[in-house]
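Protein chains get the first letters and strands the later ones, always in sequence-line order, with residue 1 at the start of each. What you are looking at is a predicted structure, and each value in this text was computed from that prediction instead of being measured.
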Protein chains: 2
Amino acid sequence: MNLKELSALLNLSQTTVSRALNGYPEVSEATRERVGKAAREHNYIPNTRAQGLATGRTHAVGHVIPLSTKHEVVNPVFTDFIAGASEIYAQENYDMHLTVVPDTNEEAAYRKIASKGSVDGVIVHGPVENDPRINLLQSIGMPFVVHGRSNTEVDQDYAWVDMNNKRAFERATKFLIDLGHRRIGLLNGLESMDFAIRRRAGYQSALDAAGIATDPSLCRSEEMTEDYGYESTMAFCARDTPPTAILASSIIVGIGVRRACSELNLTLGKDLSLIIHDDGLSYFRNGAAASQYTATRSSVRQAGLTCAELLMEQIANPDVPKRHVLMEAELIIGSTTGPAPRS
Amino acid sequence: MNLKELSALLNLSQTTVSRALNGYPEVSEATRERVGKAAREHNYIPNTRAQGLATGRTHAVGHVIPLSTKHEVVNPVFTDFIAGASEIYAQENYDMHLTVVPDTNEEAAYRKIASKGSVDGVIVHGPVENDPRINLLQSIGMPFVVHGRSNTEVDQDYAWVDMNNKRAFERATKFLIDLGHRRIGLLNGLESMDFAIRRRAGYQSALDAAGIATDPSLCRSEEMTEDYGYESTMAFCARDTPPTAILASSIIVGIGVRRACSELNLTLGKDLSLIIHDDGLSYFRNGAAASQYTATRSSVRQAGLTCAELLMEQIANPDVPKRHVLMEAELIIGSTTGPAPRS
DNA sequence: ACAGGCTTTCAAAGCGCTTTGGTGGATTGA
DNA sequence: TCAATCCACCAAAGCGCTTTGAAAGCCTGT
């Protein structure tokens with residue numbers, strides 16, 4: 001069922017039917033209702049492509065999700081992020097286009113998306129230091145929102161939604177220091193990523209403030225897998241002077257730490273303290289009642305929702321000033337932290 | 001840059017340029033090259049929407065991923081599935097449209113997608129018993145591939161890619177029985193799902209073959225979260241006669257089981273045996289060397305890839321007979337299983 | 001009764017592409 | 001030499017929609 005057929009059926013012109021359905025004023029209430037009823041009855045839904053061609057608006061947004069080529073890994077936070085964003089898209093009747101791209105040629109992917117003209121805007125995932133995509137999109141003139149930030153020159157004005165990574169890790173580190181810990185391991189994400197850089201800065205700054213020298217051999221930076229948590233903990237604990245506490249950049253890394261501990265017969269919160277960053281992944285609810293991990297928590301799902309909102313806003317009105325949303329993480333006290341054991 | 005501009009630039013008609021780019025024979029090699037070069041230089045990429053309108057082919061496929069309304073949860077296996085499928089889509093130059101839909105009105109979502117006409121085919125995720133979507137899509141005439149199966153009447157001929165869930169769980173259960181276990185807990189996924197039904201059937205059949213009566217209180221069925229594994233294990237172990245082995249439907253559930261064990265000071269593989277099903281999630285590589293979990297393994301990423309292949313095939317040639325791919329899971333022996341402790 | 005102003009409707013152009021149905025000119029065969 | 005054939009190209013229609021510009025019908029007020 002298309003417009004032509006529907007209007008023939010109603011003995012009206014395509015113009016009138018189209019306007020009736022799109023809420024234009026120059027249509028009498030009587031015919032508007034008649035049209036609406038017929039459309040519903042015949043299950044008429046306008047063809048998106050044609051609509052897009054005619055209006056120049058696609059009613060779709062793109063997400064390019066990077067595939068870590070080194071480990072052939074897709075970060076599981078995307079599911080929750082996307083679930084959040086989808087809520088908004090569903091509301092606004094937008095489609096979501098997904099492209100999974102090896103992180104080696106993301107730029108080409110964005111360029112392609114832009115020239116294909118199949119989306120009205122994009123969400124930029126996983127920004128790195130001085131991320132070239134920001135300049136690219138800006139020069140192309142495609143609306144975008146960054147999930148995270150990039151330390152590109154200050155004059156770059158772009159919309160972003162980020163968690164206060166620095167503050168979160170600063171607080172977590174300080175919390176451990178206050179408990180008496182001096183040797184604190186950091187299992188960070190890949191430090192090419194902006195978020196990881198900020199987290200490290202937070203960690204650093206808390207140590208500096210307490211006058212503790214940082215031991216570079218206690219800081220690791222890797223793709224945030226379970227195995228990474230496990231292997232690192234095993235390596236740490238094999239040292240003469242193992243750390244008494246660990247800061248893990250994701251719950252998944254934390255799970256690896258836990259596995260190592262149980263293998264080494266170390267009790268978390270007693271022999272070794274652990275703070276994780278908790279993205280609020282739906283399959284890993286870090287229980288509120290028996291709050292298992294001490295954690296800095298910030299919902300990635302909420303971030304997805306907010307990103308989508310900002311993007312919709314920008315598409316609707318490109319001249320509106322770019323908004324920035326900085327979410328603060330809560331510090332949740334669980335059972336994996338405790339006073340530093342006496343050495 | 002669009003066709004019109006490009007052809008004006010080359011002093012050729014749109015027809016010729018279009019044909020040159022699409023590899024039609026009625027164009028001289030010389031002009032074909034000239035056109036190709038110009039297209040590359042000016043970064044010309046045909047507008048997908050216009051192309052779609054003209055051809056009736058959208059060069060896009062849809063994935064509808066169900067959001068469990070009960071727990072507001074999106075299954076993390078989707079990231080890996082989608083990473084696999086994307087490989088094919090990238091190859092074939094297809095777009096992927098994602099819709100996240102509350103599992104309560106999935107049918108409406110499919111109907112809408114179909115009438116919007118924005119995709120050439122869809123992948124059906126998470127089939128349930130007698131899944132209505134299969135009939136729906138068949139009657140609409142939209143090409144589709146099911147990830148999993150549904151026990152709809154036999155005459156329904158549709159393409160699917162599934163893991164041999166029954167066989168996998170039958171083997172796992174038998175493996176435990178052979179180790180002397182008699183009380184085996186089952187932490188299954190939601191038994192409205194087809195895969196969970198088959199897994200249970202496999203479990204059942206192995207017990208029956210060994211002449212062991214099934215204890216319904218040892219069988220649980222829930223959304224496969226970490227918490228579910230934890231809570232269930234705690235509950236199991238609080239019984240007078242706890243199970244000596246557990247079968248968990250995903251690695252995430254298994255992680256919960258492990259957490260409970262470490263809390264209860266039980267050693268996996270000695271005090272309690274555990275077999276998980278391992279989808280090969282990239283963030284949870286179940287290490288080969290120090291294979292941590294005994295597991296039935298089947299790569300969901302590979303499944304995604306195969307689904308995409310079948311779908312491409314079907315879109316290209318709708319009359320080709322529907323293909324079925326049944327993947328066998330490997331049984332990987334890890335360190336979480338051992339002989340049943342003497343009671 | 002009629003100019004002027006609304007309201008409601010319509011025909012047709014255009015979005016960027018593919019495809020049908022040509023056409024003009026070079027090549028071939030008799 | 002002329003018709004037949006083929007090659008390389010083109011103009012225009014059409015995909016399903018929106019939107020511009022115009023027109024028909026209906027009130028007003030004088």
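- Comparing dG16(D), dG16(C), dT18(C) against the side chain of Asn47(B) picks out dG16(C) as the nearest.
- Counting only N and O atoms by type, the side chains of Thr58(A) and Asp120(A) include a donor and acceptor under 3.5 Å apart.
- Distance CG (Asn2(B)) to P (dT18(C)): 12 Å, rounded to an integer number of Å.
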Quiz: residues 102-109 of chain A side-chain donor-acceptor pairs under 3.5 angstrom, not counting sequence neighbours:
unit_1	atom_1	unit_2	atom_2	d
Asp103(A)	OD1	Thr69(A)	N	3.4
Asp103(A)	OD1	Thr69(A)	OG1	2.8
Glu106(A)	OE1	Arg133(A)	NH1	2.6

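- The interatomic distance linking Leu53(B) (CG) with dG16(C) (C1') rounds to 9 Å, in whole Å.
- Defined by atom type and a distance below 3.5 Å, a donor-acceptor pair is present between the side-chain atoms of His63(A) and His125(A).
- Each of Ala50(B) and Ser13(B) was matched to the nucleotide of DNA chain D holding its nearest heavy atom; the match closer to the 5' end belongs to Ser13(B).
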Steps toward salt bridge (Lys or Arg N to Asp or Glu O under 4.0 Å) verdict (Arg301(B), Asp279(B))
CA-CA 8 Å; Arg301(B) 181 171 180 152; Asp279(B) 293 294; over 6 Å; no
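- Between the side chains of Gln302(B) and Thr306(B), at least one donor N or O sits under 3.5 Å from an acceptor N or O.
- The side chain of Pro46(A) has dC17(D) as its nearest neighbour among dA11(D), dC17(D), dG16(C).
- For the pair Arg49(A) CZ and dG14(D) P, the interatomic distance rounds to 19 Å; values are reported in whole Å.
- Side chains of Lys112(A) and Asn93(B): a donor-acceptor N/O pair is present below 3.5 angstrom, by distance only.
- Checked by atom type, the side-chain pair Thr31(B)/Ser28(B) shows a donor-acceptor distance below 3.5 Å.
- Atom CG in Asn11(A) sits roughly 13 Å away from atom C1' in dC10(C) (whole-Å rounding).
- A straight line from NZ of Lys4(A) to C1' of dC10(C) spans 16 Å, rounded to a whole angstrom.
- Using a 4.0 Å cut-off on heavy atoms, the residues of residues 14-43 of chain A that approach DNA chain D are Gln14(A), Thr15(A), Ser18(A), Arg19(A), Asn22(A), Tyr24(A), listed by number.
- Between dC17(D), dG16(C), dC10(D), one nucleotide has an atom nearer to the side chain of Ala54(A) than all others, and that is dC17(D).
- Summarising the geometry, the separation between CD1 on Ile45(B) and P on dC17(C) is reported as 11 Å, rounded to the nearest angstrom.
- Rounded to whole Å, the distance from CG on Leu6(A) to C1' on dT18(D) is 15 Å.
- Atom-to-atom, CG of Leu3(A) to P of dA11(C) comes out at 14 Å; the value is rounded to the nearest Å.
- Side-chain nitrogen and oxygen atoms of Tyr44(B) include at least one within less than 4.0 Å of the OP1 or OP2 phosphate oxygen of dC17(C).
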